[in-house]
S.K.: 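So that we are looking at the same thing, I have put the structure below in structure tokens.
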Amino acid sequence: MVRATTTPGPRRGAPGRRAGRLVAWVVTAGSALLVVAPVAVIAVSILDPTPSLWADLWRTRLPGMIADTLTLLVTVVVGAAVLGTSLAWLVTAHDFPGRRLIGWLLVVPLTVPGYVAGFVWLDTASAVIGPRGARSIWLCAAVLIVTLYPYVYLFARAAFRAQGADLRDEARVLGLSRVAAFARVALPAARPAIAAGGALVTMEVLTDVGTVRLFNVSTVADGVLRVWFGTGSRQAAAELATTLVATALALVVIERILRRGARYSRRASGRPMTPVRLTGVRALAATAGPSVVVAVAAGVPLVRLGAWGVEARRAGATATVAGGVWHHLGATLAVAGLAVAVCLGVGSGLVLFARRHGALGRVMVRASALGYAMPGPVVAVGAVIVLAALDRTDLVPGPVVLVGSLVGLVFALGVRFLAVAVNGIESGLDQMPASAVASARTLGARPIRIAWSVELPSVRPALVAAAALLTIDVVKELPITLLLRPFGFDTLAVWVWQATSESLWAQAAVPSLAMIAVGSAAVGALLVALERGAEVVS
Amino acid sequence: MPNNGSLMRKVHFPPSRLVFSAIVALSGGLVASCGTGSGANPEQVTVYTGRHYGIEAVFDEFTEDTGIEVRFTTGSDPELRERLVAEGANTPADVVITADAANIELAASAGLLAALDSDTLRGAIPEELRSEKNEWFALSRRLRVIMHSTERVSEPPRSYADLGGSAWSKRLCLRPSTHPYTQSLVASLILNQGAEKAESIVEGWVANEPLYINSDTDILKAISAGDCDVAITNTYYLARLLDEDPATPVAISWPEQPTTGAHLNVSTGAVLASAPNPGGARRLLEWLATKGQKTFSDANFEYPADPSVAPADLIVGFGEHTADLAAVRQLGRLNQDAVALLSRVGHE
């Protein structure tokens, strides 16, 4: 790739440009440092390990934790990848009754928080196979698959759509069957997108603590909290958490190495893919298959929550907390809006900067995404430590307190979810024709202008997709919001926690449904924008 | 290059500009919203509370009574403690309330709490239920007892060790060891029975292949539904179920009577060493230990910490019993040993 610094241009070396570069450096490096700090204060513990802890853990729970984590990870990632990719191909390349509606509904399960879906399914399955049978790692994996597959589905769908008709038609002209055209052309070309979705699923599984506990599955993330809150030793917990981050990091690096050199630039003609119309039994199957997935993943939780909501209303037991739905909804929307804006702003800045600054830039991007590989409660405490330290310095004016402010909360959420923005934007840029940037550069455009006028507009669908995913993630997020929210600032997730931590499931129904409604609205906006966006790009 | 043409068309009004303006506007709002925390307002007390069930009504009553507003945040005990440690002298919190004794003891040993010289508190709270240096005070008693099905169990177990008897094989429900209530119970067994005996008791439970359920309410519902016959839970969860449905077929069997008594844990309150409003904090704590005792305890059907305050009628019906007051102060110290023991014997 040609470095921006070697770009010939009339204004090369002008003082304004040098100042601009300096500002870009300072801003990017500064925000990367800030975002990494909460992870770093935890991870630094590994430099001074506690051998007794590891010996004890190894003799007792650690082997089981590793086995459970690996089993869950492999099952869920493979399950979500297969389900997400095949559903994406079904709705992009085929036409069948209800296709548009189904295409939208397939994303809705993502809006059901894992801890809510987990409880609903535990309760439902207990009634059928008994409470012992229901508490199994396989049911836990199934719940995670049906709540997480939309990550893969969304990315794969966008990729298939962006491939347009050319790729598939050329494959067909060259004599490949429809199946072979998918398997040998469309699928490999969509690999970066599938991997991007799979990476999100991987992180979600590695860091989940809400769902696994319901099923008595003892993962490493659960172990971090077990060690921490069981022994009161942050040091010991931090060491365990660091191994988790290292695992996540290793997986990302391996994926990158496997993908190295595979850039999927294409010559897009703007001809959207014409779906193959399915008829008869095939059409029936195409409608029924995804419908079953939606019914299982979203329908059952919605029906159960609805029933609980009615039950709570009848018992007059809706008031777990002060302030009604609107108060909590307002807080949720405010924090989601701010966190999304910050993640997208910082995320695009980082990614675009990294593309111009080789290895160092790439390291900054990878490091800034580490918060996504840590369990939420660990990030929450890391963020509190950093914010409290900032509060003690002169950088923050005397009476201002970051811990427990909206700024602090948004910062911590940024630390946790920046990876979602970065991941989305990168996969968008990977799909962009490299020639566009090269042409702009040849025409003498400055890097900032290239970013502004070429790169960002062309990844608009990716930005919108990332915004929707972030909204859904932030709305569902619990441990960070719980620890860092300002006084009286209670989100829907906090309300759910107030009720469920006392096993008052009926009282959690209304806020859970409200969370799903907010998420579904984000999904709707996402899909409308993706459809428009796909036209812009292709 | 048709492709570039279509991209460059967007130059005049890239949508990202909108995003950018939004970010600028929002950041302005964000900075303006930064808290100005520790400016002490004598009319306001700030509380971090790990016990949140029905707490709002209690604070409302305090405000009505004294004119002092209560600003509070809820959360889990250990996470709130980490926040207090990180905030140090800058904390806006005046009072911390926990749902168990071990967590407040950890906060005390981290030097977060102020010793309180208060005749009111000493008069109301028995010696065993406050720390030696008067850094924390119990506000209510939470008893962790043996529960049994009234339909299928005629001779319920009489001690925690009995639950390891082969009669209860696959009939026992327990809370996983991730929960502090389980840890504190085992800590008290270590104290009362010695480490070896405690380990063999827990081994007995594990040998019975218990069904682990991470919620006391759901454990009691499992007994009602016939999924297990005996279990260990706190009493107030049964009280809540009985309050909803008096026909709930579950009853208490008081363990370790009249010897060491049923395992007692406490919810606690303490004033922080860095409290911006120590005077208000003290008033809240004293109020909770006296006038507010009944509301605080009844809100969740717990037994008042002050033995002279009458418990709610519903739980008076649970009967006379001895509670293990002597262990309460030791629960924090022994918590780590309990966690290690639970790991060794493979308790979920």
Side-chain angles (χ1 to χ4, degrees), chain A residues 56 60-61 130-132 135 213-214 216 222 225-226 228-232 234 268 270 321-322 337-338 341-342 344-345 377 380-381 384-385 388 391-392 399-407 410 433 435-436 439 452-454 456-458 460 463 479 482-483 485-488 498 502-503 536, chain B residues 1-4 6-8 10-11 14-16 19-20 22-23 26 30-31 33-39 46 52-53 56 71-76 78-80 82-83 86-88 90 92 106 176-178 180 183 211-218 222 227 244 335-336 339-340 343-344 348:
Chain A
D56 276 353
T60 56
R61 297 194 196 271
R132 264 176 212 273
R135 285 177 170 74
R213 271 207 178 166
L214 287 167
N216 293 341
D222 177 63
L225 302 192
R226 210 183 246 280
W228 189 349
F229 301 152
T231 63
R234 183 197 297 160
V321 282
L338 289 168
V342 168
L344 287 185
V381 173
V384 166
I385 294 171
D391 279 336
R392 275 192 287 274
V400 175
V401 176
L402 291 172
V403 181
S405 73
L406 203 49
V407 178
V410 168
S435 57
S439 318
W452 201 245
S453 311
V454 181
L456 281 181
S458 77
R460 188 169 70 159
L463 280 174
L482 195 57
L483 190 62
R485 78 208 137 110
F487 291 104
Q498 305 261 27
E502 298 289 345
S503 296
V536 171
Chain B
M1 277 179 280
N3 181 43
N4 273 337
S6 78
L7 284 170
M8 289 306 229
K10 290 278 156 193
V11 165
S16 38
V19 174
F20 183 74
I23 292 170
L26 288 171
L30 265 181
V31 171
S33 79
C34 253
T36 49
S38 34
T46 303
H52 52 94
Y53 187 79
E56 212 154 343
R71 183 173 74 150
F72 68 99
T73 195
T74 49
S76 83
E79 285 161 53
L80 289 174
E82 289 288 357
R83 177 166 166 183
E87 289 175 331
N90 271 349
L106 285 171
S177 61
T178 40
Q183 299 166 8
L211 169 60
Y212 297 99
I213 299 180
N214 198 9
S215 148
D216 278 16
T217 304
D218 292 341
D227 293 323
E244 270 173 37
N335 195 69
Q336 212 160 329
V339 170
S343 284
R344 269 201 305 281
E348 183 70 52

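Just so we're clear, the structure is a prediction, and the values are computed from it rather than from any experiment. All chains are named by letter (A, B, ...) in the order of the sequence lines, taking the proteins before the strands, and each is independently numbered beginning at 1.
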S.K.: Counting only heavy atoms closer than 4.5 Å, note whether A:D56 contacts chain B via side chain, backbone, both or neither.
M.R.: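 Contact with chain B involves no heavy atom of A:D56 at all.
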S.K.: Measuring from atom CZ of A:R135 to atom CG of B:L211, what distance do you get when rounded to the nearest 0.5 angstrom?
M.R.: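 These two atoms lie 5.5 Å from each other.
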S.K.: Please flag which part of B:E348 lies under 4.5 Å from any non-hydrogen atom of chain A: side chain, backbone, both or neither.
M.R.: both
S.K.: Pick from A:T60, A:N216, A:L214: which one has the most heavy-atom pairs with chain B under 4.5 Å?
M.R.: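 Ranked by heavy-atom pairs under 4.5 Å with chain B, first place is A:N216.
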S.K.: Out of A:E502, A:R392, A:R213, which one racks up the most heavy-atom pairs below 4.5 Å with chain B?
M.R.: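 Of the candidates given, the most pairs with chain B belong to A:E502.
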S.K.: Sort A:P486 into side chain, backbone, both or neither according to what part of it lies under 4.5 angstrom from a heavy atom of chain B.
M.R.: neither
S.K.: For a quick test of reading the model, state the closest non-hydrogen atom pair linking B:E79 to A:P479 and the distance between them.
M.R.: OE1-O, 4.3 Å
S.K.: Against chain B, label A:V403 side chain, backbone, both or neither, depending on which of its atoms sit under 4.5 Å from a heavy atom there.
M.R.: both
S.K.: Measure A:R132 against the heavy atoms of chain B and call it side chain, backbone, both or neither at under 4.5 Å.
M.R.: both
S.K.: For A:V384, is there any backbone N or O sitting under 3.5 Å from a side-chain donor or acceptor partner on B:R83?
M.R.: no
S.K.: Please find the pair of heavy atoms, one from A:L483 and one from B:L80, that lie closest to each other, and give the distance.
M.R.: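 Heavy-atom minimum between the residues: CD1-N, 4.0 Å.
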S.K.: Could you grab the distance from atom CG of A:L482 to atom OG1 of B:T73, nearest 0.5 Å is fine?
M.R.: 7.0 Å
S.K.: Does A:R485 form a side-chain contact (heavy atoms from CB on, under 4.5 Å) with B:T74? I'd like the steps, not just the answer.
M.R.: CA-CA 10 Å; A:R485 78 208 137 110; B:T74 49; 2.8 Å; yes
S.K.: Only pairs of heavy atoms separated by less than 4.5 Å count here; which of B:S343, B:P176, B:S215, B:S76 has the most with chain A?
M.R.: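 The residue among B:S343, B:P176, B:S215, B:S76 with the greatest pair count is B:S343.
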S.K.: Could you tell me whether the side chain of A:D391 and the main chain of B:N90 form a donor-acceptor pair under 3.5 Å?
M.R.: no
S.K.: With chain B, which of A:P131, A:P377, A:G130, A:A388 has the greatest number of heavy-atom pairs at distances under 4.5 Å?
M.R.: A:P131
